[in-house]
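Data first, discussion second: the structure below is written as structure tokens.
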Amino acid sequence: MDWSNVTAEDLIDALREVDWSSPPRPLSEFFSRFTFPRSYSKWNSRLKCNIYYYRTNYFIMIIFILGLGFLWRPLALLAAFLTALSIAFLNDSFAGTFNEKVTRTVRQFSPHLAAKMRPPLTPVIRGRPSAKRSIYICGRPRWVFVLIVSSVSFILWFVSAGLLTVLWALAIGLLATILHASVRTPNLKARLNTFREEFRAVWRNYSDL
């Protein structure tokens with residue numbers, strides 16, 4: 001797969017829609033075969049390939065660094081968690097999985113309440129379901145949960161005065177991610193057809209590959 005044809009916008013869209021429930025890559029694979037790219041084009045392709053392929057590892061690494069930074073600030077740690085949760089709600093797969101698990105749990109205690117948490121029916125246009133389907137969480141539009149969680153996290157950031165801490169921790173985490181993705185030689189598995197098809201499933205311009 002030619003990653004030089006994948007733009008940053010395409011990569012962000014793919015990361016937004018791809019399933020994040022897959023387990024992280026083994027550490028023995030994550031910390032092996034480091035080489036420096038020979039040109040800017042190779043570095044650009046390698047960076048996008050590794051960010052997509054090791055996305056779960058990078059996410060865990062950033063969360064771990066944030067956790068270390070907030071070791072003595074519990075409120076800031078909670079604020080960081082809620083901020084990450086609000087961002088995760090923007091992922092279609094995560095929002096759908098979260099909604100299903102919450103609804104399933106509530107159904108065990110109150111089937112009547114779980115029935116109210118069902119999303120509205122998909123509108124039908126000329127005998128076919130609408131192509132654009134909105135994401136609902138607990139029967140409410142996704143943006144409602146994003147707004148509520150983001151507001152609570154903003155209040156906790158203000159109370160804990162830990163914004164400077166998170167900025168430093170986030171900068172270190174992003175720098176470590178870029179550094180690793182730049183020098184980690186792309187794994188052979190990242191070039192297999194299964195991986196390419198996985199990316200095609202979420203990349204809007206897959207027909208151009």
Side-chain angles (χ1 to χ4, degrees), residues 6-25 48 50-67 70 75-125 128-157 166 169-170 173-174 177 194-206:
V6 180
T7 64
E9 181 181 356
D10 295 326
L11 180 61
I12 293 175
D13 289 341
L15 291 175
R16 181 178 180 272
E17 300 177 18
V18 74
D19 185 9
W20 283 72
S21 61
S22 58
R25 309 294 177 181
K48 289 178 286 191
N50 285 334
I51 287 178
Y52 184 82
Y53 186 68
Y54 294 110
R55 58 185 180 274
T56 307
N57 297 72
Y58 294 141
F59 179 77
I60 294 176
M61 182 174 64
I62 293 176
I63 294 299
F64 177 76
I65 294 176
L66 287 173
F70 295 135
L75 286 180
L77 180 61
L78 180 59
F81 171 77
L82 293 178
T83 301
L85 185 62
S86 63
I87 296 176
F89 278 143
L90 298 178
N91 181 269
D92 297 345
S93 176
F94 179 86
T97 303
F98 179 86
N99 177 64
E100 292 178 2
K101 290 184 178 180
V102 171
T103 305
R104 190 181 303 114
T105 303
V106 173
R107 188 181 295 115
Q108 297 177 357
F109 301 95
S110 177
H112 179 70
L113 179 59
K116 293 183 178 180
M117 296 170 56
R118 294 177 180 176
L121 298 177
T122 304
V124 177
I125 301 177
R128 296 182 179 181
S130 176
K132 182 62 176 180
R133 182 178 181 181
S134 301
I135 303 297
Y136 287 82
I137 302 177
C138 299
R140 298 293 183 270
R142 173 171 51 183
W143 67 266
V144 175
F145 273 78
V146 174
L147 180 61
I148 294 176
V149 176
S150 300
S151 300
V152 175
S153 64
F154 177 79
I155 295 175
L156 292 178
W157 281 126
V166 71
L170 187 60
L174 293 177
T177 298
T194 54
F195 175 71
R196 179 172 54 190
E197 294 299 328
E198 176 190 356
F199 188 82
R200 283 182 173 182
V202 296
W203 190 27
R204 299 176 181 178
N205 299 329
Y206 66 91

Next on the checklist: Taking the side chain as everything from C-beta on, heavy atoms only, tell me whether V144 gets closer than 4.5 Å to Y136.
Outcome noted: no
Checklist entry - Can you tell if the side chain of R142 reaches within under 4.5 Å of the side chain of N99, non-hydrogen atoms only? => result no
Measure the spacing between [atom1] of [X] and [atom2] of [Y] and express it to the nearest 0.5 Å.
X    : Y    : atom1 : atom2 : result
F154 : L82  : CZ    : CG    : 14.0 Å
L147 : S86  : CG    : OG    : 10.0 Å
L85  : L90  : CG    : CG    : 10.0 Å
N91  : I135 : CG    : CD1   : 9.5 Å
I60  : I63  : CD1   : CD1   : 9.0 Å

Checklist outcome for this item: Applying ring-ring contact (aromatic ring centres under 6.0 Å, His included) to Y58 and not counting sequence neighbours gives F30, H180
Residue list, side-chain contact (heavy atoms from CB on, under 4.5 Å) with [X], at least two apart or on another chain:
X    : value
I155 : V159
I65  : M61, A169, I172
I87  : T83

Checklist outcome for this item: Nearest heavy-atom contact between L170 and L66 is N-CD2, 3.9 Å
Checklist outcome for this item: Minimal heavy-atom distance between L174 and I62, with the atoms involved, is CD2-CD1, 4.0 Å
Checklist entry - Angle class for the F89/F94 ring planes (parallel below 30°, perpendicular above 60°, tilted otherwise)? => result tilted
Next on the checklist: Filter on salt bridge (Lys or Arg N to Asp or Glu O under 4.0 Å), then keep only pairs touching residues 146-157, sequence neighbours left out; what's left?
Outcome noted: none
Checklist entry - For the side chain of S153 and the backbone of S150, is there at least one donor-acceptor N/O pair under 3.5 Å apart? => result yes
